[in-house]
Amino acid sequence: MTVSIVRFGGSNCDRDAERALEHLGIDAEIVWHEDGLPAETSGIVLPGGFSYGDYLRAGAMAARSPIMAEVREAAADGVPVLGICNGAQVGCESGLTEGAFTTNESARFQCEPVHLRVERADTPWTAAYEEGDVIEVPIAHGEGRYEIGDDRLAALEADDRILFRYCDADGAVDGDSNPNGSKGAVAGLLGERETVAVLMPHPERAALPDVGPTDGQGILRGFESVADKL
Amino acid sequence: MTAYTATVTVRLKRGVLDPEAETTKQALERLGFELEALRSADRFEIDLEADSADGARERADEMAERLLANPTIHDYDVEVDER
């Protein structure tokens, strides 16, 4: 199995993702978006960064590049797709997941560790955790405020598609622990299939023991658990 | 075919927080201006040729639907003028 990490002009967390996956023993390669997805792709990372300079809206341009049609097709076939930060913005802009990530409530770029509460543990991305677990993973974004209509948020909650919420160290979700004003404190969510997920925090920056906490490893291991079933 | 300019204005839906507009408002207040509220919008001026104003509007609508606006957070309107 090989996880394809899609590099757009302006992606800058593609190498971090590759390093983190390889540390976990998951084969990964960076794929230039114009080259299309390799046939042996068994997983897809949409990495962080500033694709197309965040022109128009973060993720808007990359979401409409030809490779995203291939990504949507692969996602529909059950290939696991993980969108991280700018990749999460691309995921929402491309319709892989619902809602939108827009300007932080603070109107500032925020780069800091945050706590996330695992909202469900029965997905590939969270099988390493228990429901209600609190993990620490960094954020680094200016446009990470999750926005969606109230009725659609209620529908996502009813469908159990919220994967992570911002919380405090004890797992309490309140205004103070919500770093960017995200509606419902949503930090990450699932697409139509449980094999498709996006999140604003960076699990690949919390995966190497040499550089800090490793709480993000379990999320990346989602590629392993899905590959076993494919 | 007639030459038109379609002007697409994209703005946040009412009720969606606009931190950039709020920051801009505060900057104006720091400069001594009095104002109650400030809303920002993106405006795209698209030159195109079409059989009719309706045809031009239809294409500009589709551009807004497919790229210029994000229906989750935006409303938009289109105005068409002969050029």
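Below, chains carry the letters A, B, ... as their sequence lines are ordered, and counting in each starts from 1.
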Margin query: Given heavy-atom pairs under 4.5 angstrom as the criterion, report whether the side chain, backbone, both or neither of B:Leu67 touches chain A.
Written below: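 It is both, since atoms from each part get that close.
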
Margin query: Please classify the contact of B:Ala21 with chain A as side chain, backbone, both or neither, using a heavy-atom distance under 4.5 Å.
Written below: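 Neither part.
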
Check: Counting only N and O atoms by type, is there a donor-acceptor contact under 3.5 Å from the side chain of A:Arg64 to the main-chain atoms of B:Arg66?
Finding: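 Yes, the answer is positive, given that a donor and an acceptor are paired below the 3.5 Å cut-off.
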
Item checked: Closest contact, heavy atoms only, B:Thr72 versus A:Ile148 ->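 Looking at all heavy atoms of both residues, the closest pair is CG2-CA, 3.9 Å.
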
Checklist line | Contact summary for B:Leu17 and A:Arg145, nearest pair of heavy atoms | finding: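 Closest heavy-atom pair between B:Leu17 and A:Arg145: O-NH2, 2.8 Å.
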
Atom [atom1] of [X]: over 12 foreign heavy atoms under 6.0 Å:
X	atom1	value
B:Glu79	CD	no
A:Tyr55	OH	no
A:Glu157	CD	yes
B:Glu20	CD	no
A:Arg108	CZ	no
A:Glu192	CD	no
B:Glu58	CD	no

Check: chain A: which of B:Thr23, B:Ile73, B:Asn70 shares the most heavy-atom pairs with it under 4.5 Å?
Finding: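 Of B:Thr23, B:Ile73, B:Asn70, B:Asn70 has the most heavy-atom pairs under 4.5 Å with chain A.
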
Checklist line | Leading residue by heavy atom contact count with chain A [cutoff under 4.5 Å; candidates B:Val16, B:Leu12, B:Val10] | finding: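 Sorted descending by pairs with chain A, the first entry is B:Val16.
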
Item checked: Region of A:Glu93 in contact with chain B, defined by heavy-atom distances below 4.5 Å ->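 Side chain only.
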
Notebook entry, point to check: Which distance, rounded to the nearest 0.5 Å, do you find between the NE2 of B:His74 and the CZ of A:Arg57?
Noted result: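 So the NE2 of B:His74 and the CZ of A:Arg57 are separated by 6.0 Å.
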
Next item on the list: Determine the sole option in A:Asn104, A:Asn180, A:Thr103 for which the side-chain contact (heavy atoms from CB on, under 4.5 Å) test with B:Pro19 is passed.
Entry: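 Looking at A:Asn104, A:Asn180, A:Thr103, the match for B:Pro19 under the side-chain contact (heavy atoms from CB on, under 4.5 Å) is A:Thr103.
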
Item checked: Residue, of A:Gly149, A:Gly99, A:Cys92, that accumulates the most heavy atom pairs under 4.5 Å with chain B ->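 Counting heavy-atom pairs under 4.5 Å, the top option is A:Gly99.
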
